[in-house]
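Everything numeric in this text was worked out from a predicted model, so none of it was measured. Heavy atoms only: backbone and side chains are in, while hydrogens, waters and symmetry mates are out.
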Amino acid sequence: MIRTGAVASAGFPISNCRVYSDKNYAFLEFRSVEEASNCMAFDGVVFNNTYLRIRRPNNYDYNIAVTLGFTEPNPVIDLTQLEIVRTVVQDSPNKLFIGGLPCEWNEDQVKEKLTAFGMLKAFNLVMDKTTGNSKGYAFCEYQYPEVTDAVIDTLNLQTVGSKTLTVKRAVSAQAAPQVTHALPQHVQQMPAAVADAFTMQQMRLQQATQAFMGPVTLAGLPQQ
């Protein structure tokens with residue numbers, strides 16, 4: 001984070017770290033809300049030949065977060081020297097669904113087939129938490145959207161072992177959501193008559209602040 005300009009001030013941005021080596025994940029707590037948000041820019045970064053999955057905590061509430069500080073990574077962060085394939089595939093007209101995959105295939109095997117067409121921007125092989133195997137389908141998006149149609153034309157209905165692939169757009173252009181980051185309505189429209197309620201809300205925000213400074217979950221850590 002320091003090398004890429006993702007820190008808000010001089011010094012080390014992480015105030016606390018708990019590593020669970022047996023489960024391949026860790027919790028990070030940052031010294032500021034801004035730096036916790038900046039950390040989200042590194043989802044999918046390669047670390048020791050593994051793509052890290054970085055997530056917000058389960059109690060993260062966007063409506064509260066926007067009143068505390070930045071909820072998105074700073075756009076000036078320089079990621080150009082890092083190898084990153086996002087592990088969350090956002091809805092867009094170029095998001096692909098790949099079904100009919102052999103359940104014994106791992107991420108590297110699926111990626112090998114997909115990267116024959118170009119670099120991936122985001123990729124997620126959906127896993128069965130009980131068995132640890134894949135559920136036989138994945139989502140992806142390419143760095144260069146112009147290859148999307150070629151992928152569909154080539155891979156859809158292709159036979160892989162005893163399976164037949166289904167490759168199509170996951171979201172139509174009409175259905176793709178328009179993402180906005182407007183402030184919650186109760187923040188935009190707050191009459192003077194609710195001053196007492198606002199004071200109570202401020203107390204609640206102070207108690208909740210820790211959830212937005214951390215912990216941030218780092219999953220997919222390489223085994224030691």
Side-chain angles (χ1 to χ4, degrees), residues 1-62 65 68-74 77-90 101-115 119-141 207-224:
M1 289 183 66
I2 295 173
R3 181 163 55 90
T4 60
V7 294
S9 59
F12 198 61
I14 299 172
S15 60
N16 189 29
C17 176
R18 287 171 286 168
V19 179
Y20 299 84
S21 300
D22 57 328
K23 297 183 178 179
N24 298 337
Y25 69 82
F27 289 110
L28 302 181
E29 186 172 350
F30 291 82
R31 61 185 175 180
S32 72
V33 174
E34 179 181 356
E35 287 167 329
S37 294
N38 285 347
C39 181
M40 302 306 295
F42 297 89
D43 174 53
V45 70
V46 173
F47 176 70
N48 287 354
N49 299 316
T50 298
Y51 291 89
L52 296 183
R53 296 185 299 277
I54 302 177
R55 299 289 186 271
R56 295 286 195 178
N58 291 334
N59 62 341
Y60 181 79
D61 187 328
Y62 174 80
L68 298 174
F70 297 100
T71 59
E72 299 294 334
N74 191 325
I77 297 173
D78 183 10
L79 303 174
T80 56
Q81 302 302 313
L82 301 177
E83 181 182 348
I84 294 179
V85 177
R86 303 293 181 199
T87 66
V88 175
V89 188
Q90 301 291 346
L101 294 166
C103 292
E104 63 272 15
W105 277 22
N106 59 31
E107 288 192 357
D108 289 339
Q109 290 172 296
V110 180
K111 283 180 178 176
E112 182 179 358
K113 193 164 192 67
L114 296 175
T115 53
M119 296 174 57
L120 292 171
K121 176 181 179 181
F123 171 82
N124 178 34
L125 177 62
V126 181
M127 308 299 290
D128 187 318
K129 294 181 180 180
T130 302
T131 65
N133 294 327
S134 86
K135 290 187 175 182
Y137 64 94
F139 298 94
C140 77
E141 183 177 355
Q207 295 172 352
T209 299
Q210 186 174 4
F212 308 104
M213 296 173 67
V216 169
T217 305
L218 257 63
L221 292 173
Q223 294 182 346
Q224 300 298 319

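- To the nearest 0.5 Å, atom CG of residue Leu52 and atom CD1 of residue Ile84 are 10.0 Å apart.
- Nearest heavy-atom pair, Phe42 versus Leu79, reported as atom, atom and distance to 0.1 Å: CE2-CD2, 3.7 Å.
- Remark: the backbone N or O of Arg86 is not paired with any side-chain donor or acceptor of Arg53 at under 3.5 angstrom.
- Using a 4.5 Å cut-off on side-chain heavy atoms (C-beta onward), Leu101 and Leu125 make contact.
- Atom CG of Asn49 is surrounded by 12 or fewer heavy atoms from other residues, nucleotides or ligands within 6.0 Å.
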(request) Apply the test side-chain contact (heavy atoms from CB on, under 4.5 Å) to residues Lys111 and Tyr51: give CA-CA distance (whole Å), side-chain angles for both, the deciding distance (0.1 Å), then the verdict. (result) CA-CA 12 Å; Lys111 283 180 178 176; Tyr51 291 89; 3.1 Å; yes

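- Within a 6.0 Å radius of CD in Glu104, more than 12 heavy atoms belonging to other residues, nucleotides or ligands are found.
- Of all non-hydrogen atoms in Gln90 and Glu141, the two that sit nearest each other are O-OE1, 4.2 Å.
- The shortest side-chain heavy-atom distance between Asn38 and Phe70 does not fall under the 4.5 Å cut-off.
- Of all heavy-atom pairs spanning Ile2 and Phe12, the tightest one is CD1-CD1, 4.3 Å.
- How far CD of Glu29 is from CZ of Arg18: 7.5 Å, rounded to the nearest 0.5 Å.
- Between Phe139 and Val126, some side-chain heavy-atom pair lies under the 4.5 Å cut-off.
- Residue Asp43 comes nearest to Val88 through the heavy atom pair OD2-N, 3.7 Å, listed as atom of the first residue, atom of the second, then distance.
- The minimum heavy-atom distance between Asn124 and Thr87, with the atom names listed, is CB-O, 3.6 Å.
- Under the 4.5 Å side-chain criterion, counting only non-hydrogen atoms from C-beta, Ser9 is in contact with Arg31.
- Under the 4.5 Å side-chain criterion, counting only non-hydrogen atoms from C-beta, Arg55 is not in contact with Tyr25.
- Other residues, nucleotides and ligands place no more than 12 heavy atoms under 6.0 Å from the CG atom of Asn58.
- Ile77 and Gly5 make their closest contact through CG1-O, 4.2 Å (heavy atoms, listed as atom of the first residue, atom of the second, distance).
- Taken from NZ in Lys113 to OG1 in Thr115, the straight-line distance is 10.5 Å, to the nearest 0.5 Å.
- Residues Ser37 and Arg56 form a side-chain contact, since some pair of their non-hydrogen atoms from C-beta on lies under 4.5 Å apart.
- Separation of atoms CD1 (Ile14) and CD (Glu35) is listed at 9.5 Å; rounding is to 0.5 Å.
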